Colleague: 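Once you've had a glance at the structure underneath, I'll fire off some questions.
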Amino acid sequence: MIILHLIVGFVFTPIDSTHIYMSQNGYESLRFELYNNGFFNASYNLVVKRNVAPSDLDFQMCFHNQCFLGDSQSITVEAGARDTITLDFLGGNETGGIDIYYLVYDQHATTDRDSVEITGGVGIKERNTGTINNDVYFDGKYIRGNAIKYAVFYSINGRKIIEETAKDGRISTNGLKPGIYFVKVKTDKKTVCIKIAKETP
């Protein structure tokens with residue numbers, strides 16, 4: 001009698017450090033690898049469980065060349081494949097500690113699950129009082145900052161809206177309707193993510 005054993009399951013591991021520290025209205029990201037070591041394609045739920053976190057800290061999950069805003073998403077991984085998942089941290093005005101679990105479980109076998117604990121905090125953003133100001137900010141009409149190059153605008157559900165190139169050291173928001181947006185701003189030295197409230201057309 002031949003007994004066939006099927007390897008069913010997955011391996012979820014962090015690629016980056018699981019300690020994260022960021023400034024107010026800042027942006028940080030961590031990468032994870034999800035390996036489906038079974039013989040069948042599988043769908044997994046990705047869930048952020050907040051033990052401690054500022055109330056205006058938002059999360060965005062990026063995989064398969066798409067980004068999705070929110071604390072939970074689902075991903076399908078082919079049998080034997082490895083997918084990289086990026087968890088973006090989008091800071092707000094509140095400060096405080098971060099203690100969360102990034103949980104993954106198989107949709108068809110919910111007892112098959114794993115999690116990674118992420119700790120850190122959102123600190124107080126210090127203003128640069130020197131001659132060079134590295135802050136990126138929104139003045140109600142333009143995004144301004146030192147050596148900014150371009151910006152990518154996303155809706156609150158993570159959908160890419162538009163990409164704008166900086167002109168005269170600023171990025172116009174004239175093409176946006178009133179609302180809340182997340183903006184990834186690229187400078188000469190870094191990428192900054194800010195949350196803006198567009199009040200007028």
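Bear in mind the structure is a predicted one, so any value in this text is a computation, not a measurement.
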Colleague: Is any side-chain heavy atom of Lys149 closer than 4.5 Å to a side-chain heavy atom of Thr187?
Modeller: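 Lys149 does not reach Thr187 side chain to side chain.
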
Colleague: Would you name the heavy atoms of Gly38 and Ala79 that are closest together and state the gap between them?
Modeller: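 Heavy atoms of Gly38 and Ala79 come nearest at O-CB, 3.6 Å.
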
Colleague: Which is it for Thr191 and Lys184 under the side chain to side chain donor-acceptor pair (under 3.5 Å) test, yes or no, and what are the steps along the way?
Modeller: CA-CA 7 Å; Thr191 299; Lys184 281 187 179 180; over 6 Å; no

Colleague: Under 3.5 Å, is there a donor on one side chain and an acceptor on the other for Glu117 and Thr18?
Modeller: no

Colleague: Quick one: do Lys195 and Asp56 make a salt bridge, cutoff under 4.0 Å?
Modeller: no

Colleague: Among the clusters formed by ILVMFWY side chains lying less than 4.5 Å apart, do Ile98 and Val116 turn up in the same one?
Modeller: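 Per the 4.5 Å side-chain linkage, Ile98 and Val116 are co-clustered.
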
Colleague: Side chains of Leu176 and Phe153: does their closest heavy-atom pair fall under 4.5 Å?
Modeller: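 Counting from C-beta outward, Leu176 and Phe153 do come under 4.5 Å.
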
Colleague: Locate the shortest heavy-atom distance separating Thr95 from Gly123; write the atom from each residue and the value.
Modeller: CG2-O, 3.4 Å

Colleague: Any side-chain heavy atom of Leu34 within less than 4.5 Å of one from Tyr44?
Modeller: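 Yes; the side chains approach each other to less than 4.5 Å.
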
Colleague: Find out whether Gln60 and Leu69 are in side-chain contact, i.e. whether some heavy atom of one side chain is under 4.5 Å from a heavy atom of the other.
Modeller: yes

Colleague: Give the minimum heavy-atom separation between Ser155 and Ile161, together with the two atoms involved.
Modeller: N-CG1, 3.6 Å

Colleague: Check the orientation of Phe12 and Phe32. Use parallel for under 30°, tilted for 30 to 60°, and perpendicular for over 60°.
Modeller: parallel

Colleague: Counting N and O atoms only, with roles assigned by atom type, does the side chain of Glu33 sit under 3.5 Å from a partner on the main chain of Thr84, one being a donor and the other an acceptor?
Modeller: no

Colleague: What I'd like to find out is whether the side chain of Ile20 reaches to under 4.5 Å of the side chain of Ile118, using heavy atoms alone.
Modeller: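 With C-beta onward as the side chain, the pair touches.
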
Colleague: Set out, in order, the CA-CA distance, both residues' side-chain angles and the distance that settles salt bridge (charged side-chain N to carboxylate O under 4.0 Å, His left out) for Arg113 and Asp106, then state yes or no.
Modeller: CA-CA 6 Å; Arg113 60 177 63 198; Asp106 192 321; over 6 Å; no

Colleague: Do the charged groups of Lys160 and Glu163 touch, with an N to O distance under 4.0 Å?
Modeller: yes

Colleague: When you measure from the side chain of Gln24 to the backbone of Gly92, do you find a donor-acceptor pair of N or O atoms at a distance under 3.5 Å?
Modeller: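 Absent.
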
Colleague: Can you tell me how far apart OG1 (Thr13) and CZ (Arg31) are? Round to the nearest 0.5 Å.
Modeller: 11.0 Å

Colleague: Same cluster for Ile15 and Leu103 if Ile/Leu/Val/Met/Phe/Trp/Tyr side chains link at under 4.5 Å?
Modeller: no

Colleague: Run the numbers on Glu94 and Ser55 for side chain to side chain donor-acceptor pair (under 3.5 Å), then give the verdict.
Modeller: CA-CA 7 Å; Glu94 292 185 23; Ser55 63; 2.5 Å; yes

Colleague: Quick check for you: to the nearest 0.5 Å, what is the distance between Tyr142 atom OH and Lys167 atom NZ?
Modeller: 10.5 Å

Colleague: Could you give the distance from CG (Leu90) to CG (Asp88), rounded to the nearest 0.5 Å?
Modeller: 6.0 Å

Colleague: Given ring-ring contact (aromatic ring centres under 6.0 Å, His included), test Tyr27 with Phe89 step by step and report yes or no.
Modeller: CA-CA 6 Å; Tyr27 164 81; Phe89 292 70; 9.2 Å; no

Colleague: Is the shortest side-chain heavy-atom distance between Asn37 and Val11 below 4.5 Å?
Modeller: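 Of all side-chain heavy-atom pairs linking Val11 with Asn37, at least one is under 4.5 Å.
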
Colleague: Please lay out, stage by stage, how Tyr105 and Leu46 fare under the test side chain to side chain contact (heavy atoms under 4.5 Å, CB included).
Modeller: CA-CA 7 Å; Tyr105 64 89; Leu46 307 168; over 6 Å; no

Colleague: Following the transitive rule for hydrophobic clusters with a side-chain heavy-atom cut-off under 4.5 Å over Ile, Leu, Val, Met, Phe, Trp and Tyr, establish whether Val52 and Val122 coincide in one cluster.
Modeller: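 No; Val122 is not reachable from Val52 via cluster members.
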
Colleague: Please walk me through it: do Val48 and Met61 pass side chain to side chain contact (heavy atoms under 4.5 Å, CB included)?
Modeller: CA-CA 10 Å; Val48 174; Met61 303 179 199; 3.9 Å; yes

Colleague: Please round to the nearest 0.5 Å and tell me the distance separating atom NZ of Lys189 and atom NZ of Lys186.
Modeller: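 The NZ atom of Lys189 sits 12.0 Å away from the NZ atom of Lys186.
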
Colleague: Give a yes or no on this: more than 12 heavy atoms of other residues, nucleotides or ligands lie within 6.0 Å of atom CD of Glu78.
Modeller: no

Colleague: Look at Asp71 together with Arg50 and state whether they make a salt bridge at an N to O cut-off of under 4.0 Å.
Modeller: yes

Colleague: How many angstroms lie between NZ in Lys141 and CD1 in Ile196, if you round to the nearest 0.5 Å?
Modeller: 14.0 Å

Colleague: Is there a donor-acceptor pair under 3.5 Å between the side chain of Asn36 and the backbone N or O of Gly80?
Modeller: no

Colleague: What closest approach, in Å, do Ser29 and Asp16 show between heavy atoms, and which atom pair accounts for it?
Modeller: O-OD2, 4.4 Å

Colleague: Let's go through Asp83 and Ile75 carefully: what are the C-alpha distance in whole Å and the side-chain angles of both, what is the deciding distance for side chain to side chain contact (heavy atoms under 4.5 Å, CB included) to 0.1 Å, and is it a yes or a no?
Modeller: CA-CA 9 Å; Asp83 275 355; Ile75 180 175; 3.9 Å; yes

Colleague: Do Leu30 and Pro14 come within less than 4.5 Å of each other through their side chains, counting heavy atoms only?
Modeller: no

Colleague: Is there a side chain to side chain contact (heavy atoms under 4.5 Å, CB included) between Tyr102 and Ile85? Walk through the geometry before answering.
Modeller: CA-CA 11 Å; Tyr102 196 23; Ile85 300 165; 3.5 Å; yes

Colleague: If you compare all heavy atoms of Ser115 against all heavy atoms of Tyr101, which two are closest, and at what distance to 0.1 Å?
Modeller: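 Closest heavy-atom pair between Ser115 and Tyr101: OG-CD2, 3.9 Å.
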
Colleague: Of the options Val183, Ile143, Thr165, Val136, which is the one that meets Ile171 in a side chain to side chain contact (heavy atoms under 4.5 Å, CB included)?
Modeller: Ile143

Colleague: Between Ser43 and Ser74, do the side chains contain an N or O donor and an N or O acceptor separated by less than 3.5 Å?
Modeller: no

Colleague: Looking at every heavy atom in both Gly97 and Pro54, which two are closest together, and how far apart are they?
Modeller: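 Smallest heavy-atom distance, with atoms named: O-CD, 3.6 Å.
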
Colleague: So with a 6.0 Å cut-off around OH of Tyr21, is the heavy-atom count from everything else above 12?
Modeller: yes

Colleague: Report yes if some heavy atom in the side chain of Leu57 is under 4.5 Å from a heavy atom in the side chain of Met22; otherwise report no.
Modeller: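 Side chain of Leu57 against side chain of Met22, heavy atoms only: contact under 4.5 Å found.
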
Colleague: Looking at Tyr35 versus Phe10, is the centre-to-centre ring distance below 6.0 Å?
Modeller: no

Colleague: Using only atom types and a distance under 3.5 Å, with no angle test, would you say the side chain of Lys198 pairs donor to acceptor with the backbone of Thr173?
Modeller: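 Yes, the answer is positive, given that a donor and an acceptor are paired below the 3.5 Å cut-off.
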
Colleague: Is atom CG of Asp168 surrounded by more than 12 heavy atoms (other residues, nucleotides or ligands) closer than 6.0 Å?
Modeller: no

